[in-house]
Chemist: 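Below you'll find the structure I mean.
These numbers come from a predicted model, not from an experiment. Counting starts at 1 for both ligands and their atoms, following the listed order.
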Amino acid sequence: MLSATVFLGALNRFGIAAWDHVADFCRSQRTQTAGSSISYSKMEKVPYDLIVIGSGPGGYSAAVRAGQYGLKTAIIEKDNKLGGCCLHVGCIPTKALLHTADVWKYVTHSEDEGITLEKPVLNYPKVIDRKNKIVTKHAKGVEFLMKKNKVEWIRGFATLKGGGKVDVKTDTGTQTLEAKNILIATGSEARMLPGLKPDADILTNIEILDMTVVPKSLNIIGSGAVGSEFGSMFSRFGTKVTIFEMLPRIVPVEDEEVSKELARVFKKEGIRIETGAKVDPASVKKTSGGVTLKATLSNGKEEEFTAEKLLVAVGRAPNTANIGLENTKVEVDRGFIKVNEWQQTAEPGVYAIGDVVAGTPQLAHVASMQGMVAIGHIAGKPVHPINRNRIPGATYTEPGIGSVGLTEAQARAAGYDVKIGKFPFAANSKASILGSHDGFVKVVADAKHGEILGVHIIGPQAYELISEAVTAMESEATVETLMSTIHAHPTIYEAVGEAFNAVYGLAINA
Ligand SMILES: Cc1cc2nc3c(=O)[nH]c(=O)nc-3n(C[C@H](O)[C@H](O)[C@H](O)COP(=O)(O)OP(=O)(O)OC[C@H]3O[C@@H](n4cnc5c(N)ncnc54)[C@H](O)[C@@H]3O)c2cc1C
């Protein structure tokens, strides 16, 4: 059955507007702003319809959408470039480097393809240069989008003052701006272990991206997406990698079988994994060998580990400490901002999205979709709230991980009569062609109605494959729909179709 929001969305797509009054409002707004001159990085004491604080994927996407709806919008960014963590020190630079790691693996295993190469050389400074060029190109793209959508970009540090006012501190002083609505999108920063400060040897996601030499060895504390991706990348570049994880398994938010498979492949590739291991922050010291630490391992014994570099990847803290929340009614939970389904905070007219928000995963696509929800709500447009169970997770390790919905354990704990369909990439012909046989597709379904509860993929381009499952769940398709969906041959997508058939024991190739 179609949900009301899907139905309303469909009506809108076909031009049947239940929101004519809203469209009128937006048209009038557009007329007001269309001819107005936009001065970039120049303060204007004019009330805005919207002030966005922070230009990460959450903030800039929301600003674009606000511009599209004709809202007079300003975006305030403390850094001198737009794009936030994701573009400058997160998603994009890491995926650029991970792509090079993929290529390097192909090059160094070219004999498998029947290609003989004489001594390939990894020119790491050039690798970094390529990564930087990609980032710069896209930062310029974000600037272009602001201009195109008539969003005023103001450089400075924003502080909420209450009553729709925002102070912006720049090199030349502080000015107060006013807006009908304010969107907090100030993102997050890497958590450090107590007593440690990042530098050239003790690294966060920022410093590690600036290295111009591949380290001989790397210890990583934390096995979430960030820790695992850097581990996978540097291991393929030839670094001896050890990952320490306090919990019993790596990538702990994933389905247990996915964690197990990643650990199996990582170990096969030479990555040392210490789960159930507690690193003593006070033991971390710079030594002649690099950085030394002591960890209590799962067997209860304390061991000393030294590596050239140490990466701390133990999660990200919301940037909410100095932004003036105390001047508002905005409520927080351990620093994260509490919002309702429309991204509204407890302060009227103040919304929050992205990494600062309590209760949703810290992912770029979550931030940007929350922005769409907030702006749609402000402009009175048809949007529906984020469904926590339809947020894809993507980890760009080798093999990659893509997941959506409930894990098997979560589905069982929720009381579902669970049916599992699983298909290994070892039985998929395209995976053979790619030389990428590790992993599987796992479907978690409800036995009673064939409802798709979750899909968990580890294998070649799993982070791309997962989109099919997300679309299926968003369209409220059932296992049967996916069983009769035709997948082109030979593709790795066929493994997804097979896994849905496997729910009823009907996979053909395994
Ligand atoms: C190494 C790494 C890899 C990642 N890879 C992925 C990935 O592949 N896919 C994915 O979905 N997610 C990934 N993430 C997570 C992703 O980067 C974040 O979820 C995303 O950036 C959050 O977006 P945001 O808009 O909430 O905030 P951010 O991107 O953090 O942007 C916030 C912006 O606000 C600015 N700001 C902060 N305070 C103020 C202030 N008071 N005044 C003015 N400006 C301010 C900051 O300077 C910053 O530019 C990764 C993260 C890391 C660290």
Chemist: Would you say V226 has any N or O atom under 3.5 Å from an N or O of ligand 1, going by distance alone?
Modeler: no

Chemist: Decide whether the shortest distance between a heavy atom of E189 and an atom of ligand 1 is less than 4.0 Å.
Modeler: no

Chemist: Heavy-atom pairs closer than 4.0 Å: do any link ligand 1 to the side chain of I53, the backbone, both, or neither?
Modeler: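 The part of I53 near ligand 1 is the side chain, not the backbone.
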
Chemist: Are K180 and Y48 in a cation-pi contact, defined as NZ or CZ under 6.0 Å from the six-membered ring centre and within 45° of the axis?
Modeler: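 Verdict for Y48: no cation-pi partner in K180.
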
Chemist: Is there a heavy atom of S55 sitting under 4.0 angstrom from any atom of ligand 1?
Modeler: yes

Chemist: Under the side chain to side chain donor-acceptor pair (under 3.5 Å) criterion, do S232 and T397 qualify, and how do the steps go?
Modeler: CA-CA 6 Å; S232 175; T397 41; 5.4 Å; no

Chemist: Show me which atoms of ligand 1 lie under 4.0 Å from any heavy atom of K95.
Modeler: 5 (N), 6 (C), 7 (C), 8 (O)

Chemist: For G156, counting its heavy atoms only, list the atoms of ligand 1 lying under 4.0 Å from any of them.
Modeler: 42 (N), 43 (C)

Chemist: If we only count heavy atoms from C-beta on, is the L87 to V142 side-chain gap below 4.5 Å?
Modeler: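 With C-beta onward as the side chain, the pair touches.
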
Chemist: Please check if the number of heavy atoms outside K81 that lie under 6.0 Å from its NZ is greater than 12.
Modeler: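 No, NZ of K81 has 12 or fewer neighbouring heavy atoms, counting only those of other groups under 6.0 Å.
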
Chemist: Please check whether Y396 reaches ligand 1 - meaning an N/O of the residue sits under 3.5 Å from an N/O of the ligand, judged on distance alone.
Modeler: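 Between Y396 and ligand 1 (N or O atoms, distance only) the closest approach is not under 3.5 Å.
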
Chemist: If the cut-off is 4.0 Å to any non-hydrogen atom of T94, which atoms of ligand 1 fall inside it?
Modeler: 1 (C), 3 (C)

Chemist: Under 4.0 Å from a heavy atom of H365: which atoms of ligand 1 are those, numbered in the order shown and with their elements?
Modeler: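 Listed by number with element: 11 (O).
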
Chemist: From atom 24 (P) of ligand 1, work out which of P93, A367, G371 has a heavy atom at the shortest distance.
Modeler: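 Of the listed residues, A367 has the closest heavy atom.
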
Chemist: Go through the structure and list residues passing salt bridge (charged side-chain N to carboxylate O under 4.0 Å, His left out) with E77, not counting sequence neighbours.
Modeler: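 In terms of salt bridge (charged side-chain N to carboxylate O under 4.0 Å, His left out), with neighbours along the sequence ignored, E77 is linked to no residue.
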
Chemist: Which of the atoms of ligand 1 are close to I323, meaning less than 4.0 Å from one of its heavy atoms?
Modeler: 41 (N)

Chemist: Using distance only, find each side-chain donor-acceptor pair of residues 329-336 under 3.5 Å and give its atom names and separation, not counting sequence neighbours.
Modeler:
none

Chemist: Give the atom numbers and elements of ligand 1 that come within less than 4.0 Å of a heavy atom of G187.
Modeler: 26 (O), 27 (O), 28 (P), 30 (O), 32 (C)

